[in-house]
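Okay, so here's the structure we're looking at.
Whatever order the structure lists them in is the order used to number ligands and atoms, beginning at 1. Position 1 is the first residue of the sequence, and the numbers go up from there.
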Amino acid sequence: MILSYPQNYPLSQNLSQLTGNNLVNWKIHTFPDGENLVTLPDNIPEKIYLVCDLSHPNSKILDLLFLSDALKLNGASHITLVAPYLPYMRQDTVFHKGELVTSKAFAKLISSYFDKLITIDAHLHRFKKLEEIYSIPCINLEAATLIGKWIKNNVKNPLIVGPDAESLQWVEKASKEAQAPFVVCEKNRLGDNEVKITISGLDAYKNLNPVLVDDIISSAHTLIEASRVLKNAGFKKVGAVATHALFSENAFQLCISEQITPLVTANTIAHSTNEVNVASLIPI
Ligand code: R5P
């Protein structure tokens with residue numbers, strides 16, 4: 001059985017069609033005081049895939065844990081969490097004295113309620129493998145090849161641009177698939193909504209069409225700043241393809257105002273920009 005968080009229904013439907021597994025939407029009722037009532041499906045099988053993208057995790061995590069607990073009490077023996085977007089991966093060290101490494105705390109919580117984790121483009125930077133912090137079997141899939149394929153089919157003469165050092169891991173693979181060259185920028189994050197980006201070595205690529213490739217669009221300042229740097233360097237049009245469409249607050253509007261086009265994401269988080277379908281990657 002695939003049990004889907006309501007917002008992830010389109011991706012879960014794809015998964016169900018591909019695998020023939022029974023698909024059930026999970027029912028949540030929110031009371032006037034903000035507490036949630038989660039209702040169990042009928043006929044709970046032993047093996048369950050729970051699909052929940054976990055963007056804006058604080059509003060979803062309790063439901064997820066309640067559900068896992070209740071499923072186990074009612075017949076399930078193995079629950080795989082399919083979290084196409086895995087949160088709390090960017091706070092992977094103590095950046096300032098006193099801060100928690102929330103990646104570890106979150107991993108401990110998830111590991112105690114689920115038997116297995118499947119995710120896509122987890123933000124692995126200081127941790128090299130999810131198993132360093134998760135104590136359950138984990139599968140971290142990569143959307144880079146699908147992103148490269150999308151670029152190959154939709155952008156003429158692309159130049160793949162990674163906005164920061166971490167992006168090299170995705171950019172290399174996407175550029176191989178798209179049969180296009182790549183460059184990687186240097187990024188300095190000055191605050192939640194402020195980044196500084198520098199790039200060199202563009203002279204050889206002046207006739208190409210730059211497409212930024214990144215794992216996450218959150219405040220979108222990384223994309224916007226990188227797009228400005230590229231436009232200042234003489235490129236007329238800059239596009240972007242990313243895996244996770246977090247688009248916090250007014251980030252999507254900012255990208256539109258900045259004329260980042262095409263602007264495309266994978267369907268790990270449901271959004272109007274979803275054009276890269278990751279369902280075929282997920283091994284269930
Ligand atoms: C950070 O290293 C990630 O790879 C992304 O570049 C980052 O999370 C994007 O965040 P924002 O959209 O807030 O600039």
Exercise. Do N36 and T30 get their side chains close enough for a donor-acceptor pair, meaning under 3.5 Å?
Worked result: yes
Using a 3.5 Å cut-off on N/O to N/O, what pairs does ligand 1 make with the protein? A line per pair would be great.
unit_1, atom_1, unit_2, atom_2, d
ligand 1, 2 (O), D164, OD2, 3.4
ligand 1, 2 (O), E166, OE2, 2.8
ligand 1, 4 (O), D214, OD1, 3.3
ligand 1, 4 (O), D215, OD1, 2.6
ligand 1, 6 (O), D164, OD2, 3.4
ligand 1, 6 (O), K187, NZ, 3.1
ligand 1, 6 (O), D214, OD2, 2.5
ligand 1, 8 (O), R90, NH1, 2.8
ligand 1, 10 (O), R189, NH2, 3.3
ligand 1, 12 (O), S218, N, 2.8
ligand 1, 12 (O), S219, N, 3.2
ligand 1, 12 (O), A220, N, 2.8
ligand 1, 13 (O), S219, N, 2.8
ligand 1, 13 (O), S219, OG, 2.6
ligand 1, 14 (O), R189, NH2, 2.9
ligand 1, 14 (O), T222, N, 3.0
ligand 1, 14 (O), T222, OG1, 2.5

Problem set entry | Linked hydrophobic residues, F31 as query - side chain contacts closer than 4.5 Å | L37
Exercise. Given K27 and D63, is the salt bridge (charged side-chain N to carboxylate O under 4.0 Å, His left out) satisfied, shown in steps?
Worked result: CA-CA 10 Å; K27 292 192 203 103; D63 293 343; over 6 Å; no
Exercise. Between K47 and D115, does at least one N-O distance fall below 4.0 Å, as a salt bridge requires?
Worked result: no
Problem set entry | Sidechain N-carboxylate O distance under 4.0 Å for E194, R189 | no
Exercise. Are R228 and E258 ion-paired here, with the side-chain N under 4.0 Å from a carboxylate O?
Worked result: yes
